Amino acid sequence: MSEFELLDPSGVPLPGGAGSGSDAGAAEDPLTAGLNPQQRRAVEARGPALLIVAGAGSGKTRVLTHRIAQLIRNREAWPSQILAITFTNKAASEMRERVQELLGDATEGMWISTFHSACVRILRRESERFGYVSGFTIYDSADSRALLKRIIRETEADSYGFTPANTSGKISRLKNELQDAAGYAATANEADPRERIFVEIFHEYEQQLRRANAFDFDDLIGQTVHLFRAHPDVAAVYQRRFRHLLVDEYQDTNHAQYALIRELTRPVDADLADRLVPPVRPAELDASGGIPAASLTVVGDSDQSIYAFRGADIRNIVEFERDFPGAEVVKLEQNYRSTQNILSAANAVIASNFDRQEKNLWTAEGAGERIVGFTGYSQHDEARFVAEEIEDLRRSGAAYGDIAVFYRTNSQTRALEELLIRSAVPYRVLGGTKFYERAEIKDAMAYLTSLANPYDPIAWSRLLGAPKRGIGPMAEAQLANFQEGRGISFHEAMLRAEEIGFGPKVLGSITGLGELLSRAARMAAGGGAALEPGGAVADAEKPPAPVAEVLKLILDETQMIEKLRAKRDPQDEARAENLEELVAVAREFDVRNPGAGLLEFLTEVSLVAAADDLDDRSGTVSLMTLHTAKGLEFPAVFITGVEEGLLPHQMSVDEVGGVNEERRLMYVGITRARERLYLTLASTRASYGDIGVAMPSRFLQEIPEELIDWRQSPGEVTARAGGSGGSGSRALNAPREGRPTRSGAGRGADSAVSFGRGSGAAAVGEPASGNMQSALERWRERKRLAKEAQDSGGGFPNLIGAAVRDNGDLELAPGDRIRHDDYGEGRVTGVTGEGSKRVAHAVFDSVGERKLLIKLSPITKIE
DNA sequence: ATTCGCCGGTGAGCG
DNA sequence: ACCGGCGAAT
């Protein structure tokens, strides 16, 4: 798509068009109908700058999309003059869809994208301005670390405690502050050898990126800013084009992103405006003969800023009015998501942060259920409560997909997963290993990257050893030296390997691989031409081969898939399937973008991969970290591990503002819940192999007592645990009291809760279909199935652990009596499922109905 | 002489 | 679960 077409030739927008909503009087504007007064104001305000302070669940996406739609519909702007920026690809595609619903095809030419995609588009067009060519590759954090690892080894900096991880973190932070190596060197303390070495590493890293014709992820933003600052004429093109800039999640912007916004919203002075191509029309100019600054709309909630650790600067939103004089502020406080009890808890928690703009969420929908609190004796006990409660919710009408379980750290999933498996609750973990981070996928992608950028040493070095073909570090180093000495590409160096002098076997490997790469490169480029600097593809060329075919060629010739299949490890079968899935992803890309080349594919992948945000929640409970939960909502939410040291996390308490950020994280978690909220913790928690005593989180004390219905309060647990000693916990919590089970009065209300409204899909919004995501979703599903098979097949070391029990051959039939370690005696009412996934349905004398995975549950049959 | 594959130590906050 | 180090295989 030629996203860079110029203004619609038919004219120039009328500055400050109508849209006051009062025209005609009778028919209400459909774009503002049904909005509350604040929302309406946020749609209709027209000034140089607008800050929409949007509390959780206050309908900000609606406001933003309606605002865009109104600008277009009222002819205040052409679609091509709109730039809307989000943080994730998912948010971008959701917004695009919703604008399309409002406007139909009139969205053509609009940029709705993430910061990173927008910058890539700009950089690809302009990169030759500063010594890169358009076919640059984008290094993800693993690539950066691979590069840094080499640099650290070469500079022998490891003895000073430099590791790829900590160095890349520091460089990333600096880049987010728009610092480069030279700038940092100027302020660094020369007397400190560590500082000197760091400067050397940083500098070398910059050099090598440039030589590799590569950008790291942070560069995408930072280099765009540098480009604009160094080349005002280039900046003017974009300043002129984008008349309306809209930025979502503004509280998450870092300094570089802020600077980018500043650059894009500068006016163009008369001198530069004069030289623009195509020439400016009088209507575009202001009185001084320049082009006025674009209007800026930002949406955010400083209470949901949880990304300070990766550079987000909360000051950007706090100081917005100072930064952009004449800015109007609109606050959206009415919440359309949660019950009042949930909101009151959220308000109470966040109120303890002193440095915030006053904001109070409220709803017209009523109090709803009380929040449920539970303290387990151990994380195991806590997890069991979660599993049981999920089944109770199910029985009162909730679907598994309506339920989410949040935790602070990924390590907490272990106990949860174990209990969910045993209770036969279908679940999936969001945000685990990403598709594109898997080794085999990165291997295959390295080939494609190297084709697009034969000077990229990271990609090349990776593909040499994948699959193993007898080319080790020694051969690699010699080749690299040869390549650098001659100033030729890695591919050419391989073809000329005989000039270096290798043994016959290695030489054969190298030249064979070199030939394969050349062949694939010709195929990918089409018509024999390499990808040219400038990115200008001459139309006369033969079109490049579909990406999938290039990929197939490589996979076939290297026999990567066959070699994986030949191994006995069942994990390798999954890896082979992942590679096949990658071919499917490429195929879909080809269908979607006919004629597009490898470069577009690589770009899309690197941008999607960074925020691999798939979201298919059909029929399974969702497990995720609190960070991942941002932006989502669920009818029922469990926040687990609400303990000191975990939430707030131990590491945060020493950081300035750390606890405040943790509090915002808690706030984000609470406000994800629509109807039911559970806060759970354990009084002891295993960490590092030791078992430590855990204290209830300070955040719990901040919630008014009357909002929480403690099924088992922290007090009860510590008091009793103290009396019974360590190993008593299991006996104590067996048939639990303090939990008025099914028949109790407290439970009656539960069944009255309706989970019907907004069931599942409507709540979050379906992910965009028909794009790269759909292939990924299938992969996700496959991964889940593979895991399931593995789990029940027994070979999953980390999950069930050494204490795995195996009742695989236990035969149960309705009517059998069984004894369960925790629930006591019960009667089997039915058995479903097959093989290792057989599930017993049983009624226990103490706790009532339960589902149990026969293979793993601690049960025995009573004869 | 290199490269491969296995073993055991070490270490896990969030994207 | 990741890596670096060592011995075995080529």
Side-chain angles (χ1 to χ4, degrees), chain A residues 87-91 114-116 140-142 144-146 149 152-153 158 163-166 168-169 172-173 176 217-218 249 252 254 304-312 406-414 430-434 436-439 464-478 501-510 563 567-569 571 607-613 624-631 639 641 643-655 658-659 661-666 668-669 685-690 796-799 801:
Chain A
F87 266 81
T88 66
N89 292 298
K90 175 164 158 274
T114 63
F115 271 106
H116 291 102
D140 67 14
S141 54
S144 304
R145 279 203 293 274
K149 191 171 172 182
I152 288 170
R153 207 174 28 228
D158 43 347
T163 64
N166 66 29
S168 97
S172 172
R173 274 196 299 281
N176 286 335
F217 226 67
D218 302 306
E249 306 281 11
D252 286 338
N254 60 35
Q304 292 186 61
S305 162
I306 54 175
Y307 284 114
F309 72 89
R310 62 175 203 213
F406 301 157
Y407 37 84
R408 178 65 178 81
T409 71
N410 272 314
S411 60
Q412 289 169 255
T413 53
R414 290 229 323 282
L430 276 78
T433 342
K434 309 276 201 310
Y436 290 105
E437 286 170 11
R438 309 204 49 127
L464 280 185
K468 302 270 178 236
R469 47 166 76 79
I471 308 173
M474 265 332 265
E476 178 187 330
Q478 279 183 279
F502 290 103
K505 206 160 171 188
V506 185
L507 181 64
S509 269
I510 293 174
K563 282 181 177 159
K567 296 200 201 171
R568 278 285 165 266
D569 192 339
Q571 295 258 318
L607 296 176
V608 168
D612 176 19
D613 38 24
M624 68 191 88
T625 65
L626 284 161
H627 282 92
T628 307
K630 183 153 174 220
I639 302 180
E643 298 150 25
E644 281 298 301
L646 209 47
L647 185 61
H649 195 275
Q650 191 54 48
M651 296 195 124
S652 74
V653 296
D654 315 320
E655 293 165 10
V659 173
E661 176 143 327
E662 297 287 306
R663 191 173 277 114
R664 292 193 290 271
L665 199 50
M666 179 80 183
V668 165
R685 187 167 296 271
S687 60
Y688 281 97
D690 299 334
F796 208 77
N798 215 5
L799 207 55

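Just so it is clear: chains get the letters A, B, ... in the order the sequence lines come, proteins before strands, and each one is counted from 1. The structure presented is a predicted model; accordingly, all values stated were derived computationally and were not measured.
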At under 4.0 Å between heavy atoms, what does [X] touch on the DNA or RNA strands: base, sugar-phosphate, or nothing?
| X | result |
| --- | --- |
| A/T628 | sugar-phosphate |
| A/K630 | nothing |
| A/R469 | sugar-phosphate |

Hey, is the side chain of [X] poking within less than 4.0 Å of OP1 or OP2 on [N], counting only N and O atoms?
| X | N | answer |
| --- | --- | --- |
| A/K149 | C/dG4 | yes |
| A/S652 | B/dC14 | no |
| A/N410 | B/dA12 | no |

Between [atom2] of [N] and [atom1] of [X], the distance in whole Å:
| X | N | atom1 | atom2 | answer |
| --- | --- | --- | --- | --- |
| A/Q650 | B/dC14 | CD | P | 15 Å |
| A/R664 | B/dG15 | CZ | P | 17 Å |
| A/M624 | B/dG15 | CE | C1' | 14 Å |
| A/H627 | B/dC14 | NE2 | P | 9 Å |
| A/L665 | B/dG13 | CG | P | 15 Å |
| A/I510 | B/dT2 | CD1 | P | 13 Å |
| A/L430 | B/dG15 | CG | C1' | 14 Å |
| A/I471 | B/dT2 | CD1 | P | 15 Å |

- Parallel, tilted or perpendicular, as decided by the 30° and 60° cut-offs, for the rings of A/H627 and A/F309: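 A/F309 vs A/H627 ring planes: perpendicular.
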- Query: Does any non-hydrogen side-chain atom of A/T409 lie less than 4.5 Å from one of A/T625?
  - Reply: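 Not in contact.
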Please output the side-chain donor-acceptor pairs of residues 470-477 of chain A that fall under 3.5 Å, not counting sequence neighbours, one pair per line with the distance.
| from | atom 1 | to | atom 2 | distance (Å) |
| --- | --- | --- | --- | --- |
| A/E476 | OE2 | A/S461 | OG | 3.3 |

Going by side-chain contact (heavy atoms from CB on, under 4.5 Å), name the residues that satisfy it together with [X], two or more places apart in sequence or in a different chain.
| X | result |
| --- | --- |
| A/F115 | A/I85, A/F87, A/I221, A/V247, A/T253, A/Q257, A/L260, A/I261 |
| A/Q478 | A/I500, A/F502 |
| A/S141 | A/R145 |

- Closest-nucleotide 5' rank along DNA chain B - winner of A/E662 and A/K468: A/K468
Contact list (N/O, under 3.5 angstrom) for nucleotides 6-10 of chain C vs protein:
| from | atom 1 | to | atom 2 | distance (Å) |
| --- | --- | --- | --- | --- |
| C/dT10 | O3' | A/K505 | NZ | 3.2 |

- Is A/Y307 stacked on the base of B/dC14 when the test is centres under 5.5 angstrom and planes under 30 degrees? no
- Message: Tell me every residue that passes salt bridge (charged side-chain N to carboxylate O under 4.0 Å, His left out) with A/D252, counting only those two or more places apart in sequence or in another chain.
- Response: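 For A/D252, the residues satisfying salt bridge (charged side-chain N to carboxylate O under 4.0 Å, His left out) (neighbours in sequence not counted) are A/K630.
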